[in-house]
Student: 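Below you will find the structure I want to go over with you.
Below, chains carry the letters A, B, ... as their sequence lines are ordered, and counting in each starts from 1. All values below were derived from every heavy atom in this structure, side-chain atoms included, with hydrogens, water molecules and symmetry-related copies excluded.
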There are 2 protein chains.
Amino acid sequence: MNIGQASERTKLPPKTIRYYEEIALVAPERGPNGYRRYSDKDVHRLRFLQRARGLGFTIEECRLLLSLYEDQHRASSDVKALATDKIQEIDRKIKELNSLKKTLAALAQNCHGDDKPDCPIIDDLAGMADVPVSFAQKSAK
Amino acid sequence: MNIGQASERTKLPPKTIRYYEEIALVAPERGPNGYRRYSDKDVHRLRFLQRARGLGFTIEECRLLLSLYEDQHRASSDVKALATDKIQEIDRKIKELNSLKKTLAALAQNCHGDDKPDCPIIDDLAGMADVPVSFAQKSAK
DNA sequence: TATAGAGGTTCCAGCGGGTGGAAGGTCAAT
DNA sequence: ATTGACCTTCCACCCGCTGGAACCTCTATA
């Protein structure tokens with residue numbers, strides 16, 4: 001099938017599918033007209049990628065997962081390790097976002113939000129806050 | 001002061017400070033030797049940026065915040081709106097991450113994690129899961 | 001005064017993960 | 001024969017920096 005159909009079946013935009021080929025995640029054949037021809041196996045790979053990406057795995061992790069997938073002798077513990085690492089990463093992000101939210105919420109609550117110029121949010125950003133919110137902000141990597 | 005000192009005082013790397021100049025967020029003077037010279041006001045702006053970025057505002061939002069900061073007649077409601085928008089955005093992200101985590105955790109739990117090849121994570125990614133986890137995964141934008 | 005080292009400058013390239021658009025080739029239906 | 005949908009390649013851009021090369025300038029010491 002052509003790229004359009006592969007796109008429909010995988011829910012990946014054609015551009016993305018071509019990009020995945022460029023970075024050697026998938027290698028469809030070519031028809032005599034130069035069109036890419038996707039086998040069911042290719043579509044399968046693409047769907048695998050679509051899911052893994054949707055789960056937050058990076059491209060490189062996806063590459064690893066694919067190779068594990070294709071390795072009949074791989075240990076399922078390898079895959080589990082990758083998954084639990086990812087879970088921890090997600091947990092870290094959630095924590096970071098929660099702390100950010102707290103800070104912003106505290107600021108917003110102190111802001112009367114009318115059409116007068118006094119604004120504790122701005123004051124805090126400018127480093128002249130009189131609201132009791134501490135800002136030892138670590139850079140959001 | 002030179003860029004190194006400005007860097008120390010703002011906790012922003014020199015590269016970042018130069019970048020902020022390139023995108024016109026700050027405009028230090030130049031000494032006769034071509035070195036950038038940062039006034040206290042510049043450092044103040046940079047610190048403002050450092051905090052706003054740390055709170056998850058994008059560069060463009062920072063630009064807006066700065067202009068609001070410098071507008072004596074701005075309405076504090078404008079700033080509050082920006083902050084509450086950001087809070088909602090953070091909330092959305094947290095929700096998305098939580099659902100991701102749930103999915104991954106369910107998979108990892110079903111994975112025995114030994115050195116035998118059966119692996120429900122891989123099976124699920126490959127779309128042949130027999131674990132009861134549903135995957136109408138929306139692409140993580 | 002020569003020199004070393006720390007700091008400054010510019011410019012170019014790359015990260016991840018695509019996305020947009022232009023210019024052109026191909027196919028099926030009218 | 002023409003339209004329009006689909007396909008191709010290529011190049012540039014998004015964000016927010018970051019790394020590195022090549023070079024300039026300042027200060028301290030031998």
Side-chain angles (χ1 to χ4, degrees), chain A residues 1-38 42 45-46 48-66 86 89 93 96 100 137-141, chain B residues 1-38 42 45-46 48-66 86 89 93 96 100 137-141:
Chain A
M1 83 200 68
N2 289 340
I3 201 169
Q5 265 180 298
S7 167
E8 268 176 47
R9 295 207 198 170
T10 59
K11 265 101 200 166
L12 288 169
K15 283 265 187 190
T16 302
I17 298 181
R18 289 194 197 99
Y19 172 68
Y20 285 173
E21 181 178 352
E22 197 185 319
I23 60 175
L25 282 179
V26 70
E29 294 189 357
R30 295 292 179 129
N33 52 7
Y35 284 21
R36 288 164 177 86
R37 275 191 340 203
Y38 294 88
D42 291 327
R45 260 179 103 83
L46 287 171
F48 187 107
L49 287 167
Q50 196 268 332
R51 292 177 196 214
R53 290 289 297 129
L55 283 173
F57 290 98
T58 67
I59 291 284
E60 286 319 304
E61 283 165 343
C62 288
R63 202 186 295 281
L64 182 52
L65 281 169
L66 267 175
K86 212 70 202 170
E89 202 181 309
K93 277 190 197 161
E96 210 173 317
L100 232 84
Q137 200 68 40
K138 60 172 183 290
S139 70
K141 188 180 68 99
Chain B
M1 81 200 69
N2 289 341
I3 199 167
Q5 265 180 299
S7 168
E8 266 175 49
R9 294 208 198 172
T10 60
K11 267 103 202 161
L12 288 169
K15 282 263 185 192
T16 301
I17 297 180
R18 291 196 195 97
Y19 172 68
Y20 285 172
E21 180 178 354
E22 196 185 319
I23 60 175
L25 281 178
V26 69
E29 295 189 356
R30 296 290 181 130
N33 52 5
Y35 284 21
R36 289 164 177 84
R37 275 190 340 204
Y38 293 88
D42 291 326
R45 259 180 103 84
L46 287 171
F48 187 107
L49 287 167
Q50 195 267 334
R51 291 178 197 213
R53 291 287 299 129
L55 284 173
F57 290 98
T58 67
I59 292 284
E60 285 320 302
E61 284 165 342
C62 288
R63 202 188 295 281
L64 180 54
L65 281 168
L66 267 174
K86 211 70 202 170
E89 202 181 308
K93 276 189 197 161
E96 210 172 319
L100 233 85
Q137 199 68 39
K138 59 172 184 295
S139 70
K141 192 175 65 93

Student: Among residues 26-37 of chain A, which contact DNA chain D at a heavy-atom distance under 4.0 Å?
Tutor: A:Arg30, A:Gly34, A:Tyr35, A:Arg36
Student: Can you tell me how far apart OH (A:Tyr20) and CG (A:Leu12) are? Round to the nearest 0.5 Å.
Tutor: 5.5 Å
Student: Given B:Leu46, which partner from the list B:Val26, B:Leu25, B:Thr16 fulfils the side chain to side chain contact (heavy atoms under 4.5 Å, CB included) test?
Tutor: B:Val26
Student: Does anything in residues 2-9 of chain A reach DNA chain C, meaning a heavy atom under 4.0 Å, and if so which residues?
Tutor: none
Student: Measure CZ/A:Arg18 against C1'/C:dT19 and give the value in whole Å, please.
Tutor: 12 Å
Student: Specify the separation, in whole Å, of atom CD of B:Glu22 and atom C1' of C:dT9.
Tutor: 14 Å
Student: Nearest 0.5 Å, please: how far is CZ in A:Arg51 from SG in A:Cys62?
Tutor: 13.0 Å
Student: Kindly give the heavy-atom pair with the smallest separation between A:Arg37 and A:Pro32, and that separation in Å.
Tutor: NH1-CD, 4.5 Å
Student: Checking side chain to side chain contact (heavy atoms under 4.5 Å, CB included) for the pair A:Leu65/A:Phe48: CA distance, chi angles, key distance, verdict?
Tutor: CA-CA 9 Å; A:Leu65 281 169; A:Phe48 187 107; 3.9 Å; yes
Student: State whether A:Glu60 and A:Arg63 are salt-bridged, where the test is any N-O pair (Lys NZ or Arg NE/NH1/NH2 against Asp/Glu carboxylate O) under 4.0 Å.
Tutor: yes
Student: Give, for atom NZ of A:Lys15 and atom CD of A:Glu22, the distance between the pair rounded to the nearest 0.5 Å.
Tutor: 10.5 Å
Student: Under a 4.0 Å N-O cut-off, is there an ion pair linking A:Glu61 with A:Lys86?
Tutor: yes
Student: Please give, in whole Å, the distance from C:dG8 C1' to B:Met1 CE?
Tutor: 16 Å
Student: Any chance you could measure A:Asp42, atom CG, to A:Arg9, atom CZ, to the nearest 0.5 Å?
Tutor: 11.5 Å
Student: Taking only residues two or more places apart in sequence or in another chain, which ones pass salt bridge (charged side-chain N to carboxylate O under 4.0 Å, His left out) with A:Arg18?
Tutor: none
Student: Give the angle between the helix axes at the two ends of the helix from C:dT1-D:dA30 to C:dT30-D:dA1, taking five base pairs at each end and rounding to 10°.
Tutor: 30°
Student: Take nucleotides 16-22 of chain D nucleotide by nucleotide from the 5' end and write B, S or -, depending on whether a protein heavy atom sits under 4.0 Å from the base, only from the sugar-phosphate, or from neither.
Tutor: BBSBB--
Student: Do NZ/NE/NH1/NH2 and the carboxylate oxygens of A:Glu21 and A:Arg30 come within less than 4.0 Å?
Tutor: yes
Student: Give the intermediate values and the outcome of side chain to side chain contact (heavy atoms under 4.5 Å, CB included) for residues A:Thr10 and A:Tyr38.
Tutor: CA-CA 11 Å; A:Thr10 59; A:Tyr38 294 88; over 6 Å; no
Student: Suppose we screen for salt bridge (charged side-chain N to carboxylate O under 4.0 Å, His left out). Which residues come up paired with B:Glu8, at least two apart in sequence or across chains?
Tutor: none
